2 protein chains.
Amino acid sequence: MSSTTERSAERSAERRTPLTRERVLQTAVDLADSGGIDALTIRRLAEQLGVEPMSLYYHVPNKEAILDGIVDLVFAEVEGATGGFDVPDADAAWQAALRTRILAARGVMLRHPWAPGVMDSRNGLGITTARYVDSVVGTLRSGGFSYDLIHHSMHALGSRMFGFSQELGEEDGGDAASGDSEELQQMAAQVPHLAAMLSVVRHDDPDSTLGWCDDQFEFEFGLDLLLDGLERARQRESRRNPQ
Amino acid sequence: MSSTTERSAERSAERRTPLTRERVLQTAVDLADSGGIDALTIRRLAEQLGVEPMSLYYHVPNKEAILDGIVDLVFAEVEGATGGFDVPDADAAWQAALRTRILAARGVMLRHPWAPGVMDSRNGLGITTARYVDSVVGTLRSGGFSYDLIHHSMHALGSRMFGFSQELGEEDGGDAASGDSEELQQMAAQVPHLAAMLSVVRHDDPDSTLGWCDDQFEFEFGLDLLLDGLERARQRESRRNPQ
DNA sequence: ACCTGAACACCGTTCAAGT
DNA sequence: ACCTGAACACCGTTCAAGT
């Protein structure tokens with residue numbers, strides 16, 4: 001076996017499958033999942049794929065397109081998780097249907113914690129994201145909302161529609177949440193109401209999930225507050241305009 | 001006049017005031033205001049201040065600290081705009097007070113559109129932000145909320161508490177929102193419900209503020225939906241636990 | 001105490017070339 | 001058609017030095 005044959009055998013072992021747009025995007029998702037969004041650089045992505053940085057530009061125009069692409073992949077996952085983006089029949093229980101869909105999206109977002117931030121940085125919606133939004137519009141329509149009220153509803157839901165809500169970093173109560181007593185005293189002086197709330201909430205629920213609050217519970221509390229409010233708005237609307 | 005005196009006269013004209021932490025942060029805010037957050041780099045900030053990049057590190061430990069600092073400046077502006085962070089007396093109209101405070105915060109955010117994104121990237125709350133949150137807690141408390149319900153309320157409000165809601169870029173309806181008719185047809189095929197909503201909403205409100213929807217109206221719609229829902233939750237709670 | 005210069009280890013991307 | 005090498009114009013930051 002000549003040394004050149006050995007070398008090409010080595011190479012094809014490193015890079016089993018040929019480079020494609022799909023493989024680039026999937027590897028980008030993996031990279032962001034494992035190392036955070038900052039780990040997703042063109043250069044590290046190329047390294048992960050066993051290829052030179054410039055090779056990526058043959059399959060993808062630039063980094064922006066990669067970011068658009070991985071958001072689309074995330075929503076393809078949402079589509080899978082919710083069993084497609086179809087819309088319930090008219091007069092079905094819109095609220096339960098929407099709630100289920102949004103919580104499924106949330107499950108996907110929890111697996112890709114970088115996704116909210118990247119979505120935020122995009123302009124306009126990708127096709128799969130648009131199809132997700134379309135299913136939300138269709139679900140509200142099936143519940144008897146006017147298009148005007150649907151429009152307001154979507155603004156009211158905001159990012160919660162996609163299964164996340166802006167949480168301001170991970171540690172909610174600032175540094176003092178860690179429990180250092182000197183810091184707590186300083187905190188009580190500067191933010192007395194906040195400190196009082198923290199001590200009560202922590203006392204009532206000593207072993208909460210993440211730090212001092214249960215994200216899943218809080219997400220559902222806010223989501224239901226909105227969905228209930230929207231249902232009442234719908235009822236008011238249909239009282240005004242009976243069909 | 002010797003040439004060295006001339007040179008130093010020139011320099012002190014360029015850099016009137018001495019470099020201080022405050023001047024660094026204020027200039028950082030100005031830079032982000034005028035050129036967007038991407039324009040805020042250490043090197044350009046130094047240039048703006050008439051100083052070498054490394055000089056900044058004497059007044060500020062690193063770029064993260066600059067980002068923390070400018071968020072704090074934004075909330076100092078909120079404090080000014082709301083006439084301080086004080087809390088209404090017990091049994092005052094908590095809902096109106098909170099609504100006013102949040103809309104004032106929104107006014108400040110509109111002047112610093114980069115602020116939501118930067119806040120999102122921070123871990124923990126700076127002191128002025130914490131004092132803002134404290135005033136929200138205090139206001140809810142003055143309205144008779146339990147600390148537990150206050151905690152849920154703050155999660156429900158999410159970023160809306162700070163006067164913004166995640167809006168997903170600026171163009172809401174994707175590319176097709178521009179109105180190209182071929183794109184609209186493609187859109188109707190792929191996202192029929194969304195396309196239907198857009199055509200109705202646009203028809204009803206042909207000259208809306210920004211593109212096809214009025215941000216201020218939508219923000220208040222969502223905010224009031226939440227505040228009304230929270231008021232009902234408070235009433236349920238006090239019916240359960242009469243004082 | 002306050003500011004600088006040179007250098008380092010990174011970015012995304014262009015352009016002309018290889019196979 | 002697909003991939004590469006060298007180079008460019010940027011980043012934030014360290015370290016040793018100047019005044």
Side-chain angles (χ1 to χ4, degrees), chain A residues 2-5 7-25 27-28 31-32 35-70 114 117-118 121-123, chain B residues 2-28 31-32 35-70 114 117-118 121-123:
Chain A
S2 81
S3 79
T4 56
T5 343
R7 278 231 320 275
S8 67
E10 248 177 66
R11 266 211 221 125
S12 55
E14 276 168 6
R15 193 201 314 161
R16 314 143 271 235
T17 33
L19 206 53
T20 61
R21 188 186 131 87
E22 284 65 42
R23 225 159 77 75
V24 169
L25 294 180
T27 308
L31 215 52
I37 195 63
D38 287 345
L40 176 55
T41 70
I42 294 279
R43 290 167 131 95
R44 276 196 256 191
L45 184 51
E47 191 186 24
Q48 193 76 15
L49 287 158
V51 107
E52 295 300 314
M54 293 313 105
S55 306
L56 302 185
Y57 285 84
Y58 188 80
H59 301 276
V60 122
N62 50 36
K63 188 170 181 185
E64 298 285 291
I66 294 177
L67 296 177
D68 287 339
I70 61 180
W114 45 268
V118 175
S121 75
R122 304 298 80 208
N123 290 356
Chain B
S2 80
S3 77
T4 54
T5 342
E6 259 175 53
R7 278 235 316 278
S8 67
E10 250 176 63
R11 267 214 221 121
S12 55
E14 276 168 6
R15 193 201 312 159
R16 318 140 267 235
T17 32
L19 206 51
T20 61
R21 188 186 130 88
E22 284 64 43
R23 226 161 75 76
V24 168
L25 294 180
Q26 187 52 60
T27 308
L31 215 51
I37 195 64
D38 288 345
L40 175 54
T41 70
I42 294 279
R43 290 167 131 96
R44 277 196 254 190
L45 184 51
E47 190 186 24
Q48 193 75 15
L49 288 158
V51 108
E52 294 301 312
M54 292 314 103
S55 306
L56 303 185
Y57 285 84
Y58 188 81
H59 301 275
V60 120
N62 50 34
K63 187 169 181 186
E64 297 285 292
I66 293 177
L67 296 177
D68 288 338
I70 61 179
W114 45 266
V118 175
S121 75
R122 305 297 82 209
N123 291 355

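Computed from heavy atoms alone, side chains included, the values below leave out hydrogens, waters and symmetry copies. Every chain is numbered from 1, with letters handed out A, B, ... down the list of sequences. All values derive from a computational prediction rather than experimental measurement.
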Under-4.0 Å side-chain N/O to phosphate OP1/OP2 contact, A:Arg44 with C:dC11: yes
Whole angstrom value for the distance that separates C1' of D:dC11 from NZ of A:Lys63: 12 Å
Walk me through whether A:Leu40 and A:Trp114 qualify under side chain to side chain contact (heavy atoms under 4.5 Å, CB included). CA-CA 11 Å; A:Leu40 176 55; A:Trp114 45 268; over 6 Å; no
Choose from C:dT4, C:dT14, C:dC11 the nucleotide whose nearest atom is closest to any side-chain atom of A:Thr41. C:dC11
Phosphate contact (C:dC2 OP1 or OP2) by B:Tyr58 side-chain N/O below 4.0 Å: yes
Looking at the side chain of A:Leu19, which of D:dT4, D:dC3, C:dT4 is the nearest nucleotide? D:dC3
Nearest-nucleotide comparison on DNA chain C, the residue closer to the 5′ end among B:Thr20 and B:Arg43: B:Thr20
Which nucleotide in the list C:dT4, D:dT4, C:dG12 gets nearest to the side chain of B:Ser55? C:dT4
Side chain of B:Met54: nearest nucleotide among D:dC15, D:dT4, C:dG12? D:dC15
Heavy-atom nearest pair, A:Asp68 first then A:Arg122, reads OD1-CD, 2.8 Å
With both distances kept under 3.5 Å, what pairs with C:dG12, Watson-Crick or G-U wobble? D:dC8
Quickly work out the A:Ile37 CD1 to C:dC11 C1' distance and round it to whole Å. 15 Å
For the residue pair A:Leu49 and A:Thr27, what are the closest heavy atoms and their distance? CD2-OG1, 3.3 Å
Among D:dG5, C:dT4, D:dG12, which nucleotide has an atom closest to any side-chain atom of A:Glu52? D:dG5
The reported gap from OG in A:Ser55 to CD1 in A:Ile42 (rounded to nearest 0.5 angstrom) is 11.0 Å
Would you please confirm or rule out a distance under 4.0 Å between OP1 or OP2 of D:dA1 and any side-chain N or O of A:His59? no
Pairing partner of C:dC2 (Watson-Crick or G-U wobble, both distances under 3.5 Å): D:dG18
Tell me which nucleotide among C:dG12, D:dT4, C:dT4 gets nearest to the side chain of A:Val51. D:dT4
